[in-house]
Amino acid sequence: MKIDVQSLGTFNQLAHEGAEQATRSMAQMTGIDAEVDVTKISLVDRADIGEELGDSEFVGVQFEFEGALSGDTVLVFDRDSTDEIVNALMPGAAEDPSMAQSSVEEIGNIMMSGFIDGWADYLGAGIEHTPPEYIERSGADVLPEAPDTGETDQVFVFRSEIEWLDQSVNFFIYMLPEYEPMTEMMSEHAAAGDDAIPIEKLEAFNRMTRKGTEKAAENVEMMAGIETEAEVSQISFAPIEDVPKQVGNDTYVGTVVEFTGAPSGYLLVLFDETSAINVAEALMPMETDGDGLTDQHKAAIEELGNIMTSGFVDGWANVLQQTVEHTPPRLVHDMGRAIIDPLAAQLGQHQQHAFIIDSKMKTDEVAFESTIHALPNEEELREALDELLVERAEETEADAEQIF
Amino acid sequence: MKVYDGSSQTEQTQDADPERIKVGIAEYEVTTDGAVLTTSGLGSCIGIALYDTETGTAGLVHVMLPSADEVEDGNAAKFADTGTELLVEEMSEAGADPNSIEAKIAGGSDMLDFSESGSGIGDRNVSQVRETLEEYGIPIVGEDVGGDHGRSLRLESNTGDLVVKSANTDNTRL
Amino acid sequence: MADVLIADDSEFMRNLLREILEEDHNIVGEVENGVEAVEVFKEEQPDLVMMDIVMPIRDGIEATDEIKNTAPEANVIMCTSVGQEEKMKEAVKAGADGYITKPFQKPSVMEAIQDVVPS
């Protein structure tokens, strides 16, 4: 089964418009002004779905849908923002738990109808959905169980993040289509040209990325002596102008390289400032002079970024039996989105959409979290996937001793 | 159904402040009622803030690439040339007089430009914005462009002030 | 005690290598790119070069190639974060005598050096 960039773009657009329709419905009912911030399609390990929701408490509604497309979808609000939404819909309703629940169900029902209808219209076929089921859980538990994928452990997830203006409250729409009907639909919509990507190659690539993340995490552990775990690795697809939104707007420290080979593109290793200081201090044999993030910290981060970058891309090179060269790391310390925007712009000169490869690692020992983002040239990634031998996908490691 | 009862007192107080509207990448907003327009995380991207000194109409666009000619793409607000044109047109539509519009621009940093030959996207964005504004005869009355750091912007449309924030330095008011 | 030249663009890594090596060896220079590595090699004629691969101006494989062409008896150990098989083969072709991947532990560095320049 194959997928092409054109249809990925179309599906992304459908999900985005569906989320916009849902948001308009809510605005009409409540007067709350909100805007869909970003919509992306990700191919992700089923165990990692919803990891970005952290430990927060969510309230929302869940539906099953069936027809031209089948699966589960949820709309979830941050627990803390629910009262305001409920009161905006029906003043005082938040005081009465059963009334509050009913309000959430109703608003969810109307929003999600808007979300699903766009898909049905595009597919020219009906999609039925069950009555809304009220849910109240924390973190990823709020999401429905990932659909059964048979052979593979990866699923496609559509995710929209909706931002409530003037408030730092977000809510999310997730759609988890069943694997078979989804991939079949993708195949049907794929153009018959050369640029279609076999889905199993995309999955193999994702497994390589997971190994690359594990290698990068091992490198951190070995250098800093901090037990580090690879948390997530996924490949997403979004319009190029949404790429910078993959990173928060806080200040980050990290490294950026341009890589060339199969494929070429950019790779960022980012740490929030606290994580940067913590990991740099673990790396350094001596005490630092001065407070905060010093030049010594930055030098340590620069080398760590370099080593993490290699850990991440070497696997691609070894599986593809080619080289991936990268520039020496450039140290960055700036607003997250401003770091990634020049890279997206450079890719944007030749492509309208981008594949984004995201990984995250963290540790429980100290406050430490790091993310890796790779932005490959779309056409070259397609070519690399074309070359990729799925059965070699595990051959990410090279052994110097066999060569020397 | 927006109802102000006792419990939404705080909301009313907030409403007394100017409304805040976010402008995303490759998006624009125009306001005629004094809203604050913001955009964040400009690297090589550039923010073009237009203000009509006569009517107080204000607009902000966040563009990413120099010219729509280079890429096939329907979104005018993504490019410096078509994005500037679009904003001028939308402001005129909202009642602004192009003859009394002034521009302030910020962004276009050259951080992380890996292009080995020619000038980077940040530079080219700045040049293109200047060129397009000149075609409309719109003067640039304030700018904070280039360098190697990111910026976030806040256009206070009751005064036309453009506040530029960066990660490592103090705010600048243009 | 061998005379060692360290070529690495990362100050952090040069410091780390110096601390590991200076106990048993004599560090004759620390450089940041492949061009400087060749220059200082010619001046100092060290017994061993610890050579990074990804460096600005000129990479470590090219520098190794030139050093080995002018002085075939020279000893060069690649000391790099790159763990790609094709790169390792390029390093062999350029004449590298050993290959250490970062991050490394002190004993593996000592061992690699012992293999190349036995004390």
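Keep in mind it's a predicted model, so treat the numbers as computed, not measured. Below, chains carry the letters A, B, ... as their sequence lines are ordered, and counting in each starts from 1.
Rounded to the nearest 0.5 angstrom, B:Asn75 CG and A:Ile240 CD1 are separated by 13.0 Å. Here the straight-line distance linking atom CD of A:Glu241 with atom NE2 of B:His62 works out to 10.5 Å at 0.5 Å rounding. Here CE of A:Met335 is found 8.0 Å from NE2 of B:His149. Values are rounded to the nearest 0.5 Å. A distance of 9.0 Å separates OG of B:Ser152 from CZ of A:Arg337, quoted to the nearest 0.5 Å.
A:Val257 has its side chain out of reach of B:Phe114: every pair of non-hydrogen atoms, C-beta onward, lies at least 4.5 Å apart. A:Gln349 places a side-chain heavy atom less than 4.5 Å from the side chain of B:Leu65.
Residue B:Asp170 places its CG atom among 12 or fewer non-hydrogen atoms of other residues, nucleotides or ligands, all under 6.0 Å distant. Within a 6.0 Å radius of CD in A:Gln6, no more than 12 heavy atoms belonging to other residues, nucleotides or ligands are found. Annotation for A:Glu379: atom CD does not count as buried by contact number, only 12 or fewer foreign heavy atoms lying within 6.0 Å. More than 12 heavy atoms of other residues, nucleotides or ligands shown are found within 6.0 angstrom of CG on B:Asp97.
Contact count against chain A (heavy-atom pairs under 4.5 Å) is highest for B:Ser40 among B:Gly107, B:Gly122, B:Ser40, B:Ser166. For the set A:Ile340, A:Thr251, A:Ile339, the count of heavy-atom pairs under 4.5 angstrom toward chain B peaks at A:Ile339. If you tally non-hydrogen atom pairs under 4.5 Å between each of A:Val332, A:Asp37, A:Val256 and chain B, the highest count goes to A:Val256.
For A:Asp334, the parts sitting under 4.5 Å from any heavy atom of chain B are the backbone and the side chain alike.
Taking each heavy atom of B:Gly43 and A:Asp341 in turn, the nearest pair found is N-OD2, 2.7 Å. Across all their heavy atoms, A:Pro342 and B:Leu112 have their closest contact at CB-O, 4.2 Å.
A salt bridge is absent between B:Lys22 and A:Glu35; no separation between the charged side-chain nitrogens and carboxylate oxygens falls under 4.0 Å.
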